[in-house]
Amino acid sequence: MHNDWTHVPVDYSDVLRRAMDSLFKTFENFSEGTFIVDKEARVVWINKRYAARFGFSDPQEAIGRDCEAVIPNSLMREVVTTGKPILLDLLETDREPLVVTRLPLKDDFGQTVGAIGFALFDEMKALTPLFSHYSRVQQELIATRQSLAQARRAKYTFASFVGTSAASLDVKRQARRAAQVDSPVLLSGETGTGKELLAHAIHGASTRAARPLVSVNVAAIPDTLLEVEFFGAAAGAYTGADRKGRVGKFELADGGTLFLDEIGDMPLVLQGKLLRVLQEKEFEPLGSNRIVRTDVRIIAATSADLPALVASGRFRADLFYRLNVLSIHAPPLRERAGDIEALVYAMLEELSADARPRHAGQFVLHDDALRLLAAYSWPGNVRELRNVLERAVMLSDSEHIDARALGAFMGTASAVASREPAGVAEETGESHIMSYAEAMGGFEKRFLAEALRASGGRVAEAAQRIGIGRATMYKKIVALGIEV
Ligand SMILES: Nc1ncnc2c1ncn2[C@@H]1O[C@H](COP(=O)(O)OP(=O)(O)OP(=O)(O)O)[C@@H](O)[C@H]1O
Ligand SMILES: [Mg+2]
């Protein structure tokens with residue numbers, strides 16, 4: 001019977017056979033490559049051109065090999081395993097990518113017995129606009145990933161933690177031990193005592209060092225945005241400024257370490273969600289139906305008294321115990337005055353190399369200057385010491401710094417922040433008339449300290465009550481040396 005499809009009844013199996021024949025021929029003619037694998041994803045047939053493209057001058061040489069050994073990045077194994085087609089995909093090759101289509105081959109019982117793949121467009125002339133867009137996006141992605149990887153590498157090592165006092169050696173010993181294991185770490189200590197430095201060092205010495213270290217400063221992000229910051233959101237999931245969707249820090253840190261700074265400021269609701277994610281090791285980004293599995297090591301830090309927050313019901317006890325598996329306390333600088341000299345010289349070297357390259361390493365502190373530093377209470381700890389030295393390096397006329405010169409650089413900081421009301425000027429017997437800036441600094445310090453006291457030491461609450469941002473509040477606490 002010659003087919004004349006205008007006549008009924010049609011022989012459907014004939015139609016089907018013809019359709020399949022011509023489909024295959026058309027694909028074969030137009031495609032740059034065709035190949036077939038068996039149900040173990042081994043090549044059973046490949047056309048000459050496709051084989052040649054992947055370096056097999058004789059197609060026979062490719063027969064019997066695993067598909068990936070012939071065509072790197074091939075997904076034919078997935079097709080034979082799932083029995084589902086991949087209708088349109090881009091296959092990366094060492095030359096330009098190919099547009100490919102992959103179909104399962106089934107037997108009469110519907111069992112997958114193999115798969116057939118076509119590489120539809122070589123050079124992709126027909127798809128130039130689409131492809132140039134794709135390759136631009138791909139390039140951007142590679143560049144962004146590289147710069148992010150750079151930024152996410154640990155900034156500090158244990159060697160960056162300067163100090164040979166017993167307290168410092170103990171902290172370093174505990175931190176080194178923490179780097180050997182994978183359990184959560186809770187770093188506590190006043191502001192500026194090196195908690196962030198330790199978090200970097202622990203990550204950098206851990207088995208996760210080659211993976212990202214991602215930091216979230218809980219205090220610096222408004223409560224309403226924290227959840228998205230942590231877990232991400234699907235496109236259009238929320239009507240914030242960012243409608244494109246967002247990858248959360250948990251996902252970014254996958255395989256690496258998530259550093260949760262100022263954990264004490266985390267709202268209770270989010271504490272509950274965080275606990276659940278830590279227990280279940282999976283979460284769903286906001287507005288998505290996607291389950292994301294996480295493999296993240298948590299290092300949390302707090303300058304607040306977390307047990308006190310637990311006692312007053314502002315921090316969940318269960319989350320506290322979960323985070324507090326290894327706890328490391330960074331002692332305040334005033335309790336390890338023996339470290340000050342080593343810190344001073346390490347920092348002077350670094351600071352002067354930046355600010356005055358020709359004078360690098362030439363700064364010398366007189367003994368009376370060192371004594372002045374040792375006697376001071378350092379409410380802002382090592383950060384404050386660094387700030388004083390930075391000022392000295394920038395403003396000092398000479399590389400030889402004595403107590404008198406240094407006192408000037410400690411300036412407002414010592415006048416308003418010293419634990420004893422007597423400032424340097426009074427010690428030296430000079431009558432002291434406050435400058436406007438000093439007076440305002442003093443007022444600001446008392447005002448903020450009072451707000452903190454009224455809020456039970458909780459920074460976020462105090463900031464909210466007096467109408468300033470949390471991040472600003474933290475900066476002021478450090479700058480003015482307020483004890484939290
Ligand atoms: N032991 C140390 N040796 C050298 N530098 C240090 C040391 N401790 C802290 N620093 C420096 O002091 C500054 C503050 O340290 P870091 O940011 O780690 O403190 P922090 O405890 O996280 O403070 P905060 O609670 O305010 O966030 C940084 O510049 C850091 O490099
Ligand atoms: Mg910090």
Side-chain angles (χ1 to χ4, degrees), residues 154-176 178 185-204 213-221 257-266 299-306 309 327-351 353-355 373 378-391 393 413 417 448 452 457-460 463 470-484:
K155 277 193 294 193
Y156 304 102
T157 65
F158 286 116
S160 330
F161 193 94
V162 177
T164 50
S165 64
S168 288
L169 293 179
D170 196 39
V171 164
K172 279 213 249 190
R173 189 179 48 75
Q174 292 177 46
R176 279 215 179 81
V185 180
L186 182 62
L187 298 166
S188 61
E190 292 176 13
T191 182
T193 46
K195 298 184 295 296
E196 185 168 348
L197 190 161
L198 287 169
H200 279 252
I202 293 171
H203 170 76
L213 167 67
V214 175
S215 306
V216 190
N217 186 339
V218 176
I221 300 163
T257 304
L258 187 59
F259 175 47
L260 304 178
D261 207 357
E262 297 304 348
I263 188 93
D265 269 30
M266 184 175 276
I299 301 182
T302 179
S303 53
D305 181 353
L306 222 44
L309 291 181
S327 63
I328 302 177
H329 179 70
L333 190 54
R334 63 183 167 279
E335 286 174 17
R336 46 187 170 112
D339 287 343
I340 287 182
E341 186 167 353
L343 277 167
V344 164
Y345 283 109
M347 286 174 170
L348 277 178
E349 196 156 325
E350 192 191 317
L351 291 167
D354 288 345
L373 294 178
W378 299 112
N381 293 295
V382 186
R383 184 185 289 108
E384 189 183 355
L385 174 62
R386 195 187 158 89
N387 290 346
V388 167
L389 295 174
E390 201 167 357
R391 258 176 272 160
V393 167
L448 296 178
L452 270 171
R458 190 162 152 81
V459 177
R470 269 188 302 188
T472 314
M473 183 81 173
Y474 271 105
K475 282 199 199 107
K476 286 184 184 296
I477 288 172
V478 176
L480 298 168
I482 297 169
E483 304 217 7
V484 185

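Numbers for residues simply follow the sequence, beginning at 1. Just follow the structure's listing: the first ligand is 1, and inside any ligand the first atom is 1. No hydrogens, no waters, no symmetry mates; every other heavy atom, side chains included, goes into these values.
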For Asn381 and Thr193, test the side chains for any donor-to-acceptor distance below 3.5 angstrom and give the result as yes or no. no
In terms of side-chain heavy atoms, does Glu262 have a donor or acceptor partner in Thr302 at a distance below 3.5 Å?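 Checked: Glu262/Thr302 side chains show no N/O donor-acceptor pair below 3.5 Å.
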Between Met347 and Val382, does the side-chain contact (heavy atoms from CB on, under 4.5 Å) criterion hold? Intermediate values first, please. CA-CA 10 Å; Met347 286 174 170; Val382 186; 3.1 Å; yes
For [atom], which candidate among [options] holds the nearest heavy atom?
atom	options	value
atom 21 (O) of ligand 1	Lys195, Lys172, Glu262	Lys195
atom 9 (C) of ligand 1	Ser168, Ala159, Gly194	Gly194
atom 27 (O) of ligand 1	Glu384, Glu196, Glu390, Arg383	Arg383

Do [X] and [Y] come close enough that some side-chain heavy atom pair is under 4.5 Å?
X	Y	result
Trp378	Pro332	no
Asp265	Asn217	no
Val344	Leu373	yes

Report the distance from atom CD1 of Ile202 to atom OG1 of Thr257, rounding to the nearest 0.5 Å.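 The distance works out to 9.0 Å.
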Polar contacts were defined as any N/O atom of the residue lying under 3.5 Å from an N/O atom of the ligand; does this apply to [X] and ligand 1?
X	answer
Met347	no
Ser303	no
Val382	no
Arg336	no
Phe161	no
Leu197	yes

So which heavy atom in the protein is nearest [atom], and how far is it from that ligand atom?
atom	value
atom 26 (O) of ligand 1	Thr191 OG1, 2.4 Å
atom 23 (O) of ligand 1	Gly192 N, 2.8 Å
atom 3 (N) of ligand 1	Val162 N, 2.8 Å

Within a 6.0 Å radius of atom NZ on Lys172, are there more than 12 heavy atoms belonging to other residues, nucleotides or ligands? yes
For Gly189, state whether at least one heavy atom is located under 4.0 Å from any atom of ligand 1.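 Flag not set, Gly189 not near ligand 1.
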Taking all non-hydrogen atoms of both residues, which atom of Arg336 and which atom of Ser165 are closest, and how far apart?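 Shortest heavy-atom contact: CB-OG, 3.5 Å.
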Check ligand 1 against [X] and write out every atom of the ligand that is under 4.0 Å from a heavy-atom position of the residue.
X	result
Tyr156	31 (O)
Arg386	29 (O)
Leu343	2 (C), 3 (N), 4 (C)

Below a 4.0 angstrom heavy-atom separation, can you tell me which part of Leu198, side chain or backbone, both or neither, approaches ligand 1? neither
Part of Ser160 with heavy atoms under 4.0 Å of ligand 1, whether side chain, backbone, both or neither: backbone
Is it true that Arg386 and Glu350 make a salt bridge, defined as a side-chain N closer than 4.0 Å to a carboxylate O?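 Glu350 and Arg386: salt-bridged.
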side-chain contact (heavy atoms from CB on, under 4.5 Å) for Ile328 and Val171? Distances and angles first, verdict last. CA-CA 7 Å; Ile328 302 177; Val171 164; 4.1 Å; yes
